[in-house]
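Read the numbers this way: they start at 1 and go in the same order the structure lists the ligands and their atoms. Just so it is clear, the structure is predicted and the values come from calculations on it, not from any experiment.
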Amino acid sequence: MLFDVIYRGYERLLTDEVRKHHIPSHIAIIMDGNRRYADRVGILRDYGHLHGARTTERVIDWCWELGVKQVTVYAFSTENFSRTERERDVIFDVIIKKLDELVRDQRTHDRRMRVRAIGEVNLLPGDLQEMVKRAEDATSSYDGIYLNIAVAYGGRREILDAVLEMARKVEDGRLCSADVDEAVVAGHLRTNGFAIPDVDLIIRTGGDIRTSNFLPWQANGSECAAYFCAPFWPEFRKIDLLRAIRVYQARDYEGGRGAVTRIAGLFASYVQTVTGVRNQSG
Ligand code: IPE
Ligand code: IPE
Ligand code: MG
């Protein structure tokens, strides 16, 4: 109870602080740790994926409130095809269910949220492909916020396809090799017909410090901040998102740290201590 009050207060303080600075326009998230979360709390791993999908819903709400324009979430990598058939089916069913809810949810339409899938969608089971198409079609005219779902996505494959397309164009004279620069490469990077803009902030939950073939081109510009955090995806909270945004904003911060920021910093270390104690005790 006391913890909740402190948490809400801290969340509000951090939200106000973060809003004073530049909000990243594109956040990409590697949502990792669903199975470890399930193991830790003693539930079936299937539910770990379901809880994870609920977190994704909440994160979309928070990003919308904060004015983030693009959110790209890593839901299933090409490497994930090597998981058991049963687990793949569970994950695909969760994605279908969540996409179906998104299409029906009035918030999607009020926010004019455009939903797109990136990746080798053609490798997915038919019912998931149909659902993806349904979600894309239902939101194709929207531009309020973009939700990009990376499914059957692999960054190297995306780059390879771009290289092959450019090579074909050079061969038949539609492109001059001397004209190939970063912008031209970026212009050829698309999967499932969609191109994803450069990422401002990449977040990975679950404690591992690697990017697992996610947006290698778009998330490696000099402006992209990276935030790796310990919570498993189902337990990712708004303050974790706000802290990540604060890392992105850090450069602006250094110049003029005001009193409120310092108080927020003090609160942060206090809550971190309280959270640490809570986590250690259960
Ligand atoms: C992320 O959680 C979801 C997917 C990769 C589909 P994991 O399933 O990788 O869970 P952990 O990382 O093994 O705990
Ligand atoms: C990364 O998680 C991919 C997704 C979140 C979809 P993984 O659990 O598959 O990644 P690795 O194997 O730890 O790199
Ligand atoms: Mg994992």
J.: Quick check on ligand 1: any N or O pairs to the protein under 3.5 Å? One line per pair.
T.:
residue  : atom   : partner : partner atom : Å
ligand 1 : 2 (O)  : Gly33   : N            : 3.3
ligand 1 : 2 (O)  : Asn34   : N            : 3.2
ligand 1 : 8 (O)  : Arg35   : NE           : 3.3
ligand 1 : 8 (O)  : Arg83   : NH1          : 2.6
ligand 1 : 9 (O)  : Asp32   : OD1          : 2.9
ligand 1 : 9 (O)  : Arg83   : NH2          : 2.9
ligand 1 : 10 (O) : Asn34   : N            : 3.2
ligand 1 : 10 (O) : Arg35   : N            : 3.1
ligand 1 : 12 (O) : Asp32   : OD1          : 2.8
ligand 1 : 12 (O) : Gly33   : N            : 3.3
ligand 1 : 12 (O) : Arg36   : NE           : 3.4
ligand 1 : 12 (O) : Arg36   : NH2          : 2.9
ligand 1 : 13 (O) : Arg35   : NE           : 2.8
ligand 1 : 13 (O) : Arg35   : NH2          : 3.0
ligand 1 : 14 (O) : Arg35   : N            : 3.3
ligand 1 : 14 (O) : Arg36   : N            : 2.7
ligand 1 : 14 (O) : Arg36   : NE           : 2.9

J.: Report, in ascending order of atom number, the atoms of ligand 2 lying under 4.0 Å from any heavy atom of Arg204.
T.: 2 (O), 10 (O), 11 (P), 13 (O), 14 (O)
J.: When you check the side-chain N and O atoms of Ser77 and Asn80, is any donor under 3.5 Å from an acceptor?
T.: yes
J.: Under a plain distance cut-off of 3.5 Å, with no hydrogens placed, do Asp200 and His26 share a side-chain donor-acceptor pair?
T.: no
J.: Under the rule for ring-ring contact (aromatic ring centres under 6.0 Å, His included), what residues qualify as partners of Phe236, not counting sequence neighbours?
T.: Trp233
J.: Identify whether NZ of Lys or CZ of Arg in Arg114 sits under 6.0 Å from the centre of the six-membered ring of Tyr146 and within 45° of that ring's axis.
T.: no
J.: Quick one: CD1 on Ile23 to CG on Leu201, what's the gap to the nearest 0.5 Å?
T.: 10.5 Å
J.: Measure the spacing between NE2 of His109 and CZ of Arg104 and express it to the nearest 0.5 Å.
T.: 10.0 Å
J.: State the atoms of ligand 2, each with its element, that fall below the 4.0 Å cut-off from a heavy-atom position in Arg210.
T.: 11 (P), 13 (O), 14 (O)
J.: State which residues pass salt bridge (Lys or Arg N to Asp or Glu O under 4.0 Å) with Asp4; sequence neighbours excluded, sorted by chain then number.
T.: none
J.: What do the steps show when you test Met31 against Arg204 for side-chain contact (heavy atoms from CB on, under 4.5 Å), and what is the final call?
T.: CA-CA 6 Å; Met31 315 181 289; Arg204 181 177 186 136; over 6 Å; no
J.: Which protein N, O or S atoms does the Mg ion (ligand 3) have within a distance shorter than 2.8 Å?
T.: Asp32 OD1
J.: Side chains of Asn213 and Glu79: do they bring a donor and an acceptor to under 3.5 Å?
T.: yes
J.: Indicate the ring-plane relationship of Phe81 and Phe92, choosing parallel, tilted or perpendicular according to the 30° and 60° boundaries.
T.: tilted
